[in-house]
Amino acid sequence: MHQRQPHASHGSLPGLSADEPLRWDGSAPTDVDFLAIGGGFAGLMTALRVHEALPTARIAVIERRPLAAPGVAYGSCHGAHLLNVPAERMGARAERPAEFLEWLRGTSDGTVAGSAFVPRAAFGRYLNELFRDRLGQNANVELIRDDVLGVATHPDGAVTVTLASGARIRARNAVLAIGLPAAGAPWEDRTEFVAPGALVADPWEPGALEAPRDAPVLIVGSGLTAIDAVLGLRRNGHRGSITLVSRHGRLPCPHAPAGEPAFAFDEPLPGLPVARILGLVRRGIRERARAGLGWHAVIDAIRPQTVAIWQSWSRRERERFLARLRPFWEVHRHRAPVEVLSEISALQAAGTLELVRGDLSLAVGEPDGRVRVTVETLDGAVRTTRAITVRRLINCCGPAMDLARSKDALIRALLARGIATVDAHGLGFRADARARLLPRSATPANLYLVGALRRGDLWESTAIPELRGQAAAVAANVVSVLQAPVSVAAPSAATTGAKEPPKRLPRRDATASPPAALVPLFAKLDAYDGPIPYERLVEIMQEHPVSAADLGDTIQVDGGAYVRTLVFEREHIEVLVMAWLPGQRSPIHDHAGSGCAVRVVAGTAYERLYAKDEDGFAVPTGDRVLQPGGVTGAFDDEIHSLGNAVAAPAPPSSILVTIHAYSPPLRPTRKYDERPAGELSVAGRA
């Protein structure tokens with residue numbers, strides 16, 4: 001485990017240059033190659049990735065409420081608000097996690113420790129500079145201040161959005177990256193005669209944390225947002241009493257002490273029931289306590305497996321977690337810097353901050369402008385009521401937990417038209433393995449989903465490490481759609497309906513020395529104890545460039561069929577190198593339970609995508625052309641065919657080389673025939 005330096009507090013960073021926010025004054029084009037709906041980190045990062053891969057692509061980003069920096073966390077923050085992740089891990093790109101730290105050291109007049117929790121405003125400046133220099137000053141990119149009121153999809157996969165200004169934009173590809181809508185204020189239908197100025201529904205609105213100096217304040221919530229509100233009030237000169245009221249009455253836990261060793265579970269967690277995982281966590285914490293170590297590393301060991309665990313659980317297991325363990329997970333997973341919690345503890349010790357476990361029951365306005373709040377408190381199994389008189393109520397309850405009941409106009413429109421569907425628990429929108437929004441019926445359009453709205457499918461979908469990986473994966477899919485084929489051998493009945501399975505050379509010994517250039521890739525894949533989440537598998541393949549020279553004699557060809565050579569194998573993962581001569585293609589198939597990420601090493605790959613119709617047949621839905629460095633993939637029952645884009649006859653030098661990672665290892669796949677009329681039927685299992 002990386003040995004952290006002692007934590008450093010950086011309430012300010014001397015020498016940082018003045019901030020210049022993005023300018024959202026672009027005009028709406030009628031037609032673009034890529035459209036980002038949402039101008040926070042997720043939307044802008046996806047747009048940046050597309051622009052870097054295809055500089056000539058026409059791009060538009062729409063943001064309904066531009067802030068001082070991209071996203072509420074960085075654009076509405078106070079100088080006292082710190083990041084919850086050390087600076088050394090906050091780079092905007094997965095392949096350069098230390099980029100933010102390098103930027104800090106280059107713009108500050110002092111050395112910033114990699115383990116420091118620096119102000120969120122500094123990260124906002126970094127993002128402003130990154131996106132301003134690469135997007136904001138490019139003629140092919142429009143940054144537009146407007147609101148998307150409606151979305152329509154088309155049979156060719158394109159998306160048309162209608163804006164509040166009346167403009168319409170048609171996009172070949174689009175991403176929805178608007179974050180989670182806030183929960184309704186907890187005092188809705190529970191107030192009487194309260195002056196509007198006493199109620200703050202959104203703590204990030206301008207002026208929300210500017211209360212009279214001695215005014216008593218009640219904050220509903222006790223998580224990270226509530227802590228931000230307390231610090232913001234104090235930095236703005238407030239000195240009155242503050243009461244935090246939450247159902248569970250818990251503050252976030254502190255980050256781990258510096259230098260503690262990592263922890264590893266004895267068995268993979270995906271597939272285990274909630275109770276079993278809880279037992280393993282408790283046992284791990286007890287073992288570390290006996291060694292004089294903290295619990296933090298046990299929770300950290302869950303993090304790489306979280307998505308796989310969530311996806312392996314049944315609906316009943318997820319409901320059990322949400323009902324019983326979610327509050328405990330939240331406070332242990334989403335931690336606060338030690339120096340921040342020390343300040344909160346000092347306020348509690350001084351008697352100016354109180355934490356109450358309970359629910360707001362009623363708020364009644366008084367003639368002098370004060371508000372008498374009735375709180376139902378819970379002490380053990382005993383419920384009582386308590387009256388607290390304040391001058392300001394601030395809602396810090398966080399995002400809505402039931403998306404189907406959201407009041408957000410765009411979310412309601414997407415659900416009403418059937419363009420989007422929610423998961424069984426209402427946590428977020430459903431998406432397929434390529435992150436395309438799943439409609440109520442029909443084939444998914446080129447409308448992708450990035451960010452917190454993927455919570456229902458992934459659970460972990462809010463922190464920068466997750467968002468930058470999702471943005472990179474979606475951008476890779478968008479780029480593959482936009483790349484024009486040069487000499488494409490479209491699949492035909494003769495090539496896709498082949499009855500003979502492709503050749504696989506004898507497996508290489510997985511314990512033998514692999515190609516040296518692939519060792520870092522294999523190490524990252526081997527770090528997982530169980531199946532690797534599909535999005536992470538794609539991200540890992542994107543992070544590791546591979547050349548044909550790196551693969552050496554693992555590239556082997558055969559005139560009869562493409563060749564697959566095993567180069568790495570574990571219980572949860574296998575990696576194969578495949579070599580394709582001109583005209584060679586795979587059958588139409590799915591992966592029957594495995595996730596697959598494919599990176600093009602040399603040549604040009606052509607992929608055709610399919611979907612099952614109502615009769616259970618597979619029909620073509622789209623094509624992709626991938627150049628070297630391009631990454632694609634498929635998950636479970638997604639149907640596709642892959643092969644060399646160069647048609648035969650052609651020089652043997654027009655070889656296609658790809659590297660494939662399967663997790664879990666590939667099982668027998670279902671193979672499909674494409675009939676001359678275009679209808680597909682299941683032909684059996686390969």
Side-chain angles (χ1 to χ4, degrees), residues 489 491 495-515 517-518 521-522 525 532 537-538 540-541 544 546-608 626 628 630-636 638-646 648 652 654-672 683-686:
T495 58
T496 60
K499 300 295 184 179
E500 291 299 321
K503 290 188 177 181
R504 182 200 293 264
L505 292 188
R507 288 176 176 251
R508 294 168 59 91
D509 184 356
T511 63
S513 297
L518 298 185
L521 169 64
F522 295 161
L525 295 171
I532 303 174
L537 196 64
V538 170
I540 291 173
M541 292 295 279
H544 289 273
V546 180
S547 70
D550 294 334
L551 300 179
D553 62 1
T554 65
I555 301 174
Q556 303 188 43
V557 297
D558 186 286
Y562 69 98
V563 177
R564 304 185 287 187
T565 305
L566 181 74
V567 293
F568 184 76
E569 183 177 42
R570 293 289 186 270
E571 288 187 4
H572 68 286
I573 184 76
E574 69 174 358
V575 180
L576 298 101
V577 171
M578 300 192 189
W580 322 65
L581 291 174
Q584 291 181 343
R585 301 192 54 79
S586 74
I588 302 170
H589 65 284
D590 64 22
H591 288 170
S594 291
C596 171
V598 181
R599 185 181 182 106
V600 177
V601 178
T604 302
Y606 176 62
E607 180 184 26
R608 172 156 285 187
L626 293 100
V631 176
T632 184
F635 179 74
D636 196 9
E638 287 192 308
I639 304 170
H640 76 154
S641 174
L642 187 70
N644 196 325
V646 179
S654 302
I655 186 174
L656 168 68
V657 179
T658 54
I659 183 167
H660 302 235
Y662 297 94
S663 184
L666 190 63
R667 303 182 180 95
T669 62
R670 286 180 290 266
K671 188 174 64 175
Y672 300 81
R685 299 180 70 87

- The single option from I573, V577, L518 that satisfies side chain to side chain contact (heavy atoms under 4.5 Å, CB included) with F568 is I573
- Message: Are F522 and R570 packed together at the side-chain level, in the sense that at least one heavy-atom pair is separated by less than 4.5 angstrom?
- Response: no
- Query: How long is the gap from OH on Y606 to CG on N644, to the nearest 0.5 Å?
  - Reply: 13.0 Å
- Task: Output yes when a side-chain donor or acceptor of E607 lies under 3.5 Å from a complementary backbone atom of L626, and no otherwise.
- Result: no
- Task: Specify whether W580 and Y562 have parallel, tilted or perpendicular ring planes, treating 30° as the upper limit for parallel and 60° as the lower limit for perpendicular.
- Result: parallel
- Query: Is M541 close to V598 at the side-chain level, that is, under 4.5 Å between some pair of heavy atoms?
  - Reply: no
- Item | Rounded distance [0.5 Å steps], OG in S586 versus CZ in R608 | 12.5 Å
- Do I659 and H544 have side chains that get closer than 4.5 Å, going by heavy atoms? no
- Shortest non-hydrogen contact between S654 and V646, atoms and distance: CB-CG1, 4.0 Å
- Separation of L642 CG from Q584 CD (nearest 0.5 Å): 12.0 Å
- Message: To the closest 0.5 Å, what do you measure between CD1 (I588) and CZ (R670)?
- Response: 14.5 Å
- Message: Which heavy atom of L656 sits nearest to which heavy atom of G643, and what is that distance?
- Response: CD2-O, 3.4 Å
- Query: Just by modelled atom types, is the P664 backbone N or O under 3.5 Å from a matching donor or acceptor in the S594 side chain?
  - Reply: yes
- Message: With rounding to the nearest 0.5 angstrom, report the OG1 to NE2 distance, T632 to H660.
- Response: 10.0 Å
- For residues A605 and A645, report the shortest heavy-atom separation together with the two atoms involved. C-CB, 4.1 Å
- Query: Could you walk me through whether T658 and L576 pass the side-chain contact (heavy atoms from CB on, under 4.5 Å) check?
  - Reply: CA-CA 8 Å; T658 54; L576 298 101; over 6 Å; no
- Query: What distance separates T565 OG1 from M578 CE, expressed to the nearest 0.5 Å?
  - Reply: 9.0 Å
- Smallest heavy-atom separation, G603 atom then P628 atom, equals O-CD, 3.2 Å
- For the residue pair H640 and H589, establish whether any side-chain heavy-atom pair is separated by less than 4.5 Å. yes
- Check: S641 and R585 side chains under 4.5 Å, non-hydrogen atoms: yes
- Query: For V557 and A579, which heavy atoms make the closest approach, and how far apart are they?
  - Reply: CG1-CB, 3.8 Å
